[in-house]
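Below, chains carry the letters A, B, ... as their sequence lines are ordered, and counting in each starts from 1.
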Number of protein chains: 2
Amino acid sequence: MKNQALPTLADVAKRAKVSTATVSRCLNFPDQVSASTRDRVMSAITELGYTPNFGARVLAAKRTNTIGAIIPTMENAIFARGLQAFQEELKYHGFTLLVASSSYREEIEEEQIHKLVSRGADGLLLIGAHRSDKIYKFLEQRNIPVVLSWVFRPDLNQYSVGFDNCEAMKELTNKIIDLGHKNIAVISASMHNNDRAYQRVLGIKSALKDANIEEQSLTIYETSYGIDEGAEAFKKVIKTKTRPTVILCGNDVLAAGAMRQAKKMGIRIPQDISITGFDDLQLASIVSPSLTTVHVPHRKMGKDAAQILVNLVTGRKVKEKSIKLETTLCIRESLGPVK
Amino acid sequence: MKNQALPTLADVAKRAKVSTATVSRCLNFPDQVSASTRDRVMSAITELGYTPNFGARVLAAKRTNTIGAIIPTMENAIFARGLQAFQEELKYHGFTLLVASSSYREEIEEEQIHKLVSRGADGLLLIGAHRSDKIYKFLEQRNIPVVLSWVFRPDLNQYSVGFDNCEAMKELTNKIIDLGHKNIAVISASMHNNDRAYQRVLGIKSALKDANIEEQSLTIYETSYGIDEGAEAFKKVIKTKTRPTVILCGNDVLAAGAMRQAKKMGIRIPQDISITGFDDLQLASIVSPSLTTVHVPHRKMGKDAAQILVNLVTGRKVKEKSIKLETTLCIRESLGPVK
DNA sequence: AAAAATAATGTAAGCGCTTACATTGTGCTT
DNA sequence: AAGCACAATGTAAGCGCTTACATTATTTTT
């Protein structure tokens, strides 16, 4: 029903008795206009309730000052904190953020990339590195800068700011091995098109190898993301013939689900079984026992990514292609020594 | 640096040896074009890596099929689930969602409203009812349908889908009074420009009044949103001369913070003090003791809001201006009888 | 087989804005 | 007071698309 004629630049111009060019300048370069006309134009704008038509502006000026971000999910807090920091930094530089989510689905992500590009995003923030060559080529052809986050991948020809998922998980696993655990289970997000999940599991395997623990003592259960999925996975994993003494979860949400299920089944943490997470979401310190996990520098990652992106889209040069951030182990109550 | 000439409709047309109109029709009304030309056009599109320029399209066609939503925060899960359902329903009807966040700040919300409108949002989803007349007038003048959610306000001349915050909290408070509590404290989000928080506190007061409990036995502590803020508030509230036997928190996040702090101080829940929340986020059933709270029908609210909005922007009529959803009490471990 | 109806395509105007360039106005200098 | 520099404003083209209308090709009807 939006068929009522909205005020346009021309309406404002007529009302203020100036040309459209002057109105446009008032909006974009106020100091090129004399104070008196500026006042006149400004009041015409408020009287008419005028808002510039973004589409028209982009079409004419060919710059949007918009950055797009596509995150796998908005359903939980994982990406929220980083995104918030990202947004704040963008805003500081005069950019607007457009957010979309992919539901962890590659084809939806591609669709969203196209959508954001067609909406004029000057640059894009993406999570992880796993995606088709086709889409990377598309973005390159369009000359749209991309920054990957949540991964540190100097091996790729892409800008990235993140941490080494493999190394981080390896560090945690080492700690676990130190505590005497040999019988280890993993609840991971689907690794198929999720390089972060894949790298994390890789880290576990690598630690086991270094400690000369056979891989067959490692049960891996893949599931999709969510509390309930974590709980469900726990049920399955706990039933394996040699019950694990520790369950490494690919992230805190899965861990929280596993913990809930353990409680429900009367299995004590960490006395009967240890559980660990990854990400250090707020919930990790709220659940009880508090969750041992890997702390990820969410805010720093978001902020750094924003800065790189701003530099890229404004044509400034960026020193490093890949920035590596450090993760830290958060040893809390949910992890204990093996009995 | 986005200065490379991108392929346009005209380029595609030339390559496929048809007119621009035909290309446009291929994209928008494929069945008006013969199969052979359609194939030719489509391959030209892929070869060129063409993506339509959204701005130009909007400018020419005057419809965006885009709905905007402004939520107070993305930092935690409160609005996430509802938003997800909202988005799914919109997508089903062929609409795209644009999300922005206001950080619970009225002036930022206004800014975001303007931004979304100028970007061509056909309709808007807003949270709560509290905002200036000016902005409501602006939207009305622009003929942009608005749906409010998280509130049920048949008293306003706005579409809304939500629940009665006052009533819901009153119900919970009644339950608490039944359990013998008289000494009640409240940790609420700032009520200043948050009608939901305000209504919830109102519900508490109303229940107390009905039970003939004097209002001065009610300590209210206002704080901003967050786990840490909840914890901090707990410290303060616990120190009042007559220690409350129950703390009603305005939402689950504040409650989670309060619980964390209680544990830290060795105060047992619910033996020493009861704590309740509101919203029934996932964390409510994960913390231990599990949190007594008010369940909010997040997904239904999101879906209903989307349907109304789609009807409104497509000019169909909508039966009811306000839809009232029911909340339910979730009595869990964190609430016990007064000793 | 010609006429009529219909399908497929083309032509060109115009959406609301920015901006290069042209014009006019103002205050200095001499 | 004429001449000049510079500030303020205006003129008009064009950004990439959609769509009303015009034209041409194809099918159906008689």
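Residue B/R63 has a polar side-chain atom (N or O) positioned under 4.0 Å from OP1 or OP2 of D/dT19. OP1 or OP2 of C/dT9 sits under 4.0 Å from a side-chain N or O of B/S34. Phosphate contact (OP1/OP2 of C/dT9, side-chain N/O of B/T37, threshold under 4.0 Å): present. For B/S19, a side-chain nitrogen or oxygen approaches OP1 or OP2 of C/dG10 to under 4.0 Å. Within the structure, a side-chain polar atom (N or O) of A/T22 is placed less than 4.0 Å from OP1 or OP2 of D/dG10.
Residue contacts shown for A/T8 are limited to sugar-phosphate atoms, with no base heavy atom under 4.0 Å away. Using a 4.0 Å heavy-atom criterion, one finds that B/V58 contacts no nucleic acid atom at all. Nucleic acid contact for A/F54: none, since no nucleic acid atom lies under 4.0 Å from a heavy atom of the residue. Residue A/R38 is classed as having no contact, given no heavy-atom separation below 4.0 Å to the nucleic acid. Within 4.0 Å of B/A21, counting heavy atoms only, lies at least one base atom of the nucleic acid.
In this model, a donor atom of one side chain and an acceptor atom of the other lie less than 3.5 Å apart for A/S34 and A/T37.
In this structure, B/L9 atom CG and D/dG14 atom P are separated by 19 Å, rounded to whole Å. Remark: P of D/dC15 and CG of A/N53 are 18 Å apart, rounded to the nearest angstrom. Atom-to-atom, CZ of A/R40 to P of D/dG10 comes out at 8 Å; the value is rounded to the nearest Å. In this structure, B/N28 atom CG and D/dT18 atom P are separated by 5 Å, rounded to whole Å.
A/D122 places a side-chain N or O within donor-acceptor distance of the main-chain N or O of A/N65, the cut-off being under 3.5 Å.
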Chi angles and distances behind the ring-ring contact (aromatic ring centres under 6.0 Å, His included) call for A/F138, A/H114: CA-CA 9 Å; A/F138 168 79; A/H114 277 105; 4.3 Å; yes
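Comparing atom distances between the A/Y50 side chain and each of C/dG16, C/dA12, C/dC17 picks out C/dC17 as nearest.
A salt bridge is absent between A/K137 and A/D133; no separation between the charged side-chain nitrogens and carboxylate oxygens falls under 4.0 Å.
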